[in-house]
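Remember, it's a predicted structure, so these values are computed and weren't measured experimentally. The first residue of the sequence shown is numbered 1, and numbering continues consecutively from there.
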Amino acid sequence: MSLFKFQSYDLVVCGAGPAGLMAACTFARQTGGARRVLLLDKKAPWKEPIFCAEAVSENRLGKLWPVDRSWVRGRISGIYFTSPSRYRAEFYSKNCGLILDRSGFHHALADGCAEAGVECRFDALVKSLSRNEDGTWNICVKGADGSLESVNAKAVVDATGPGARLTHGIECLDGIESGDTDLEPAVFAVAEGIEHSAEHIELFFGSEFQDGYGWIFPRDGVEVNIGFVLGKSALPGTSLREKLKSFIAERYPQAKVKAIYGGMIACGQSKRPMALCGLFKAGDAASCVNPISRSGIVESMLCGKIVAQSVAEWLDAGTPDARQKVEHEVLDHWMKELGDAHLQIARAKPGFNAIKDSQFDRAAKSLSKLPREKQTLFRIFFAVLWACPSLIWKMRSFLK
């Protein structure tokens with residue numbers, strides 16, 4: 001018996017993270033059920049989702065998807081910026097952001113897909129892609145029982161995450177975005193017994209986190225997400241897992257680590273094409289990640305929405321030239337929304353990475369003496385510049 005309702009689809013979306021879920025749902029809603037849409041992943045997106053930091057801007061998320069308290073762990077009212085000597089500056093804002101329950105959040109997105117008419121198969125691992133002679137795509141899928149089956153698609157969205165191995169080696173996709181722009185090592189733990197504010201994110205800066213930063217994100221008032229990301233050129237000497245264990249043991253000896261996760265994450269933005277030959281990249285597979293904050297949840301959803309709208313336009317295009325024009329414009333749409341800002345941030349990244357521990361300390365110490373209401377993001381930024389005047393010159397390309 002076949003895994004699928006049909007043997008051919010208008011759109012097949014590979015990967016059911018935020019980008020894939022948003023792309024499938026947006027496309028199905030926009031086309032009103034007139035197109036066949038298949039969403040594939042090897043497991044249900046609410047089972048073992050990638051935790052990451054789970055923090056998002058409520059305002060930005062709300063513009064893409066209605067916020068439901070059932071999948072919100074808590075609200076964030078501020079950010080602590082902690083220097084190497086543990087001087088702490090605070091940015092306070094009553095509605096700074098949300099901490100998501102990724103399982104519940106992904107379930108809501110998947111329910112939205114199903115309601116819009118998307119055929120969701122969360123027991124299907126995409127093994128390979130190949131181009132048919134008629135220009136459609138053949139997707140080879142491995143079922144839960146180990147059997148292999150193929151389906152055809154007029155268009156494909158690759159939302160399989162950083163590295164995007166799915167599209168490697170396909171001749172007509174030569175030069176397309178590969179999802180590996182500035183891949184950086186990251187590691188984090190879910191832990192309890194760590195003193196923290198349930199309404200604050202804490203960020204750690206300094207040479208201990210070479211070309212990156214550390215963090216504590218509250219989860220439910222008891223557990224936290226604690227970890228760090230390093231620059232791609234960082235050579236920690238020991239494994240990231242052991243480095244994180246040492247960091248936790250030194251600063252929080254009473255902590256109980258419940259699980260540790262790690263891997264390479266996309267942390268950059270390129271200007272490579274996001275669509276070729278009817279294949280569209282979305283989310284981490286398109287390197288659509290803020291280069292300094294490394295945030296990517298809302299970015300992935302926005303990218304998925306843009307790609308879905310482009311796919312609908314591509315399918316309605318009457319000629320090969322018209323379709324190529326749509327493909328070319330995907331990157332333009334993304335750059336207008338966030339891509340150009342990401343490129344500017346990427347140009348400023350080396351300057352931020354060059355700030356010395358003593359300069360972080362001087363800025364944070366100065367800010368920590370101010371009343372909380374005066375510790376605005378602008379003042380925090382200015383204080384870092386004041387402590388490191390050379391950064392102004394290093395940021396000239398960012399300010400252009």
Side-chain angles (χ1 to χ4, degrees), residues 48-58 71-105 184-230 234 236-263 265 292-297 357 360-361 363-365 367-368 372 375 380:
E48 302 177 18
I50 298 173
F51 285 123
C52 72
E54 301 178 302
V56 297
S57 161
E58 181 174 5
W71 40 259
V72 174
R73 291 187 186 276
R75 294 183 178 273
I76 298 299
S77 61
I79 303 172
Y80 292 131
F81 296 89
T82 302
S83 74
S85 295
R86 304 193 190 183
Y87 295 112
R88 178 189 279 177
E90 178 189 6
F91 165 70
Y92 174 79
S93 174
K94 186 176 181 180
N95 296 310
C96 188
L98 303 173
I99 297 293
L100 302 180
D101 175 348
R102 286 291 291 274
S103 292
F105 177 55
E184 296 178 344
V187 63
F188 68 90
V190 176
E192 59 183 41
I194 292 179
E195 184 178 352
H196 68 286
S197 165
E199 296 184 353
H200 283 73
I201 295 168
E202 183 163 14
L203 303 180
F204 303 92
F205 296 94
S207 58
E208 183 175 7
F209 311 103
Q210 183 182 340
D211 296 346
Y213 66 92
W215 65 75
I216 292 178
F217 284 79
R219 300 196 75 224
D220 56 8
V222 177
E223 290 182 346
V224 301
N225 176 318
I226 180 170
F228 56 81
V229 60
L230 305 179
T238 60
S239 73
L240 292 182
R241 181 180 291 259
E242 292 305 315
K243 184 177 175 67
L244 177 60
K245 286 181 178 179
S246 297
F247 174 75
I248 295 173
E250 177 186 343
R251 297 203 182 194
Y252 311 100
Q254 303 304 315
K256 178 182 178 183
V257 175
K258 303 176 74 172
I260 296 180
Y261 305 86
I265 60 175
I292 288 184
S293 72
R294 283 80 168 181
S295 58
I297 296 176
D357 288 0
F360 275 125
D361 284 334
K365 184 177 181 180
L367 287 163
S368 66
R372 183 172 69 176
Q375 296 185 44
I380 290 170

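- Annotation: ring-ring contact (aromatic ring centres under 6.0 Å, His included) contacts of Phe247 (sequence neighbours excluded): Phe204, Phe209.
- Listed by first and then second residue, the salt bridge (Lys or Arg N to Asp or Glu O under 4.0 Å) pairs that reach into residues 199-209 are Arg88-Glu202, Glu208-Arg251, sequence neighbours excluded.
- Lys256 is linked by a salt bridge (charged side-chain N to carboxylate O under 4.0 Å, His left out) to nothing, counting only residues two or more places apart in sequence or in another chain.
- In this structure, the separation between CD1 on Ile194 and CD1 on Ile226 is 4.0 Å, given to the nearest 0.5 Å.
- Every residue was checked against the side-chain hydrogen bond (donor to acceptor under 3.5 Å, both in side chains) condition with Asp220, not counting sequence neighbours, and none meets it.
- Nearest heavy-atom pair across Pro84 and Gly206 is CG-CA, 3.7 Å.
- By the salt bridge (charged side-chain N to carboxylate O under 4.0 Å, His left out) test, Arg86 pairs with no residue at all, sequence neighbours left out.
- When all heavy atoms are compared, the tightest approach of Leu244 to Ala189 is CD2-N, 3.7 Å.
- With sequence neighbours left out, Trp71 forms a side-chain hydrogen bond (donor to acceptor under 3.5 Å, both in side chains) with no residue at all.
- Under the 4.5 Å side-chain criterion, counting only non-hydrogen atoms from C-beta, Ile76 is in contact with Pro218.
- The salt bridge (charged side-chain N to carboxylate O under 4.0 Å, His left out) search around Arg241 returns none, not counting sequence neighbours.
- To the nearest 0.5 Å, the span separating OH on Tyr87 from OG1 on Thr82 amounts to 12.5 Å.
- Inter-residue side-chain proximity for Arg219 and Val190 is flagged as met; some heavy-atom pair is nearer than 4.5 Å.
- For the side chain to side chain contact (heavy atoms under 4.5 Å, CB included) test, residues two or more places apart in sequence or in another chain that qualify with Val72 are Val67, Arg69, Leu98.
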In sequence, state the C-alpha distance, the side-chain angles, and the governing distance for Ile265 and Arg294, and then conclude on side chain to side chain contact (heavy atoms under 4.5 Å, CB included).
CA-CA 8 Å; Ile265 60 175; Arg294 283 80 168 181; 4.3 Å; yes
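- Within the model, atoms CZ of Arg102 and CD1 of Ile297 stand 4.0 Å from one another, a figure rounded to the nearest 0.5 Å.
- From Phe228, atom CZ reaches atom CZ of Phe188 across 12.0 Å, with rounding to the nearest 0.5 Å.
- A search for side-chain hydrogen bond (donor to acceptor under 3.5 Å, both in side chains) contacts involving Ser197 returns His200, not counting sequence neighbours.
- To the nearest 0.5 angstrom, Arg73 atom CZ is 13.5 Å from Phe217 atom CZ.
- Annotation: side chain of Ile292 is not in contact with side chain of Tyr213 (no heavy-atom distance under 4.5 Å).
- A distance of 10.0 Å separates CD1 of Ile201 from OG of Ser77, quoted to the nearest 0.5 Å.
- Under the rule for a side-chain hydrogen bond (donor to acceptor under 3.5 Å, both in side chains), Ser246 has no partner lying at least two apart in sequence or in another chain.
- Side-chain contact between Leu240 and Leu230 is present, with heavy atoms from C-beta onward closer than 4.5 Å.
- Remark: side-chain polar atoms of Asp361 are paired, donor with acceptor, to backbone N or O of Ser85 under 3.5 angstrom.
- Scored by the salt bridge (charged side-chain N to carboxylate O under 4.0 Å, His left out) test, Asp211 finds no partners at all (sequence neighbours excluded).
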